[in-house]
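Take a look at the structure below.
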There are 2 protein chains.
Amino acid sequence: MGRWEPNARGRLAEAALELYGERGYEQTTVAEIAKRAGLTERTFFRHYADKREVLFDGSVALQELFVKAVTEAPESAAPIDAIAAGLEAVSKVFVGRREHSRQRQAVIVANAELQERELIKLASMSAGLADALRRRGVAEPAASLTAEAGLAVFKVGFELWIAASEEREMAQVMRESLDELKAVTASG
Amino acid sequence: MGRWEPNARGRLAEAALELYGERGYEQTTVAEIAKRAGLTERTFFRHYADKREVLFDGSVALQELFVKAVTEAPESAAPIDAIAAGLEAVSKVFVGRREHSRQRQAVIVANAELQERELIKLASMSAGLADALRRRGVAEPAASLTAEAGLAVFKVGFELWIAASEEREMAQVMRESLDELKAVTASG
DNA sequence: ACACCTGATGTCAGTTACTGTCATCGCGTA
DNA sequence: TACGCGATGACAGTAACTGACATCAGGTGT
């Protein structure tokens, strides 16, 4: 366990998820995470800005994927359909990762600080999507509202997918959730 | 400024908003807030769970009002219309408070930790609204999606209202934002 | 008038997240 | 083989937050 074992960052993320799951987020100290990863507390903070961030390593890549899919949707697609294309793209990333997602989500819902961090990541995604829509020529407040609606579908759809049986595909759940949103907003 | 001046809690909230505005959230210590309120750091933490919570004193009451209005909407009202009734009720609370809201929002958007706290308060509202809708007989995931849609309207509408001129009423902004959401989700 | 009770506050010590600074290590390169 | 450089360790310090206990002001009962 020398100073130069490879992938220090990944070892820290793995150790953190394990410990948060075993004894809870609050009952875990950063020093313990670092020790399990064969590193020191100071090095933890060189890789992650704080004790929460270690659980959200992939969020930037996920947002970029989402935004990219919206940006590259056909010009003719309506804003909500561009968002739908983004949801399709994002869903592919989660194929085969349901169990890992469940474990991670269980840790997050057990602690308010982690929920806060999750929410600001989702808000960042919403802002990125609104940007992408604006670049497609969508005006405000339509762009922000469409982005928020898309995130609502993602949030609700994600929870449904986690709770669902193994055969149920995320992309399908997302499509159905979006249809449901369209239904409930289609009054008056 | 003796030990028993009245309204210690209110004095702390006022001092905190002032200091966060003057020198920023991170550059303000809890000891400084307490000192300006004529109290000690320890007493601050008896009134507020942490350094962020002091800015969110009214959030529980606001949520209760929102939920109450949704609950008491006519039985015949569609879910989205019950939410609309809630938005109307909430809007009344903000009459005459635009300047205060601007000041507070400026402090919040300037700091990520405060944004996180704001987001979890809004998420709590969404959960409360979904509950209320379920009690009205709305099934899942329609209840959660309608609640999330309502919160999206509130978020976007609130920012529009803050940026708008003095004559523009929040209730009107909320109505227009909801109509816009209905428009963007009314495709295919 | 007096002792007593109670809730709010003060005091103090302790833990832990997080930061700044400098020393040290292992590896590649000239 | 000497040197440079990025990653890590070591250490001290700040501030958010907590627990335990003392103290104070005001009300209550006698």
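Residue numbers begin at 1 in each chain, while the letters A, B, ... track the order of the sequences.
Looking at every heavy atom in both residues, Val70(B) comes nearest to Ala82(B) through CG2-O, 3.6 Å.
Residue-to-nucleotide contacts include a donor-acceptor pair under 3.5 Å from the side chain of Arg46(B) to the base of dG10(C).
Screening residues 14-42 of chain A for ring-ring contact (aromatic ring centres under 6.0 Å, His included) gives Tyr20(A)-Tyr25(A) as the qualifying pairs, with residues at least two apart or on separate chains.
Rounded to a whole Å, the CZ atom of Arg9(B) is 16 Å from the C1' atom of dG7(C). Nucleotide dG26(C) holds its P atom 14 Å from the CG atom of Leu39(A), rounded to whole Å. Across the protein-nucleic acid pair, Lys35(A) atom NZ and dA17(C) atom C1' stand 19 Å apart, rounded to whole Å. Look at CD on Glu53(A): it is 15 Å from C1' on dA17(C), rounded to the nearest Å. The OH-P distance, from Tyr48(A) to dT8(D), rounds to 12 Å in whole Å.
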Protein heavy-atom contacts under 4.0 Å, written 5' to 3' over nucleotides 12-17 of chain D as B (base), S (sugar-phosphate only) or - (none), form the string ----SB
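Between Arg117(A) and Glu53(A) there is a salt bridge, since at least one side-chain N of the basic residue sits less than 4.0 Å from a carboxylate O of the acidic one. Taking a cutoff of 4.0 Å between a charged side-chain nitrogen and a carboxylate oxygen, Arg104(B) and Glu14(B) do not qualify as a salt bridge. A salt bridge links Glu72(B) with Lys68(B): at least one charged nitrogen is closer than 4.0 Å to a carboxylate oxygen.
Proximity of the aromatic rings of Tyr48(A) and Phe56(A) is defined here by a centroid distance below 6.0 angstrom, and this criterion is not met.
In this model, the phosphate group of dG10(C) is approached by a side-chain N or O of Thr40(B) to a distance below 4.0 Å at OP1 or OP2. Distances shown here put every side-chain N or O of His47(B) at or beyond 4.0 Å from the OP1 or OP2 atom of dA8(C).
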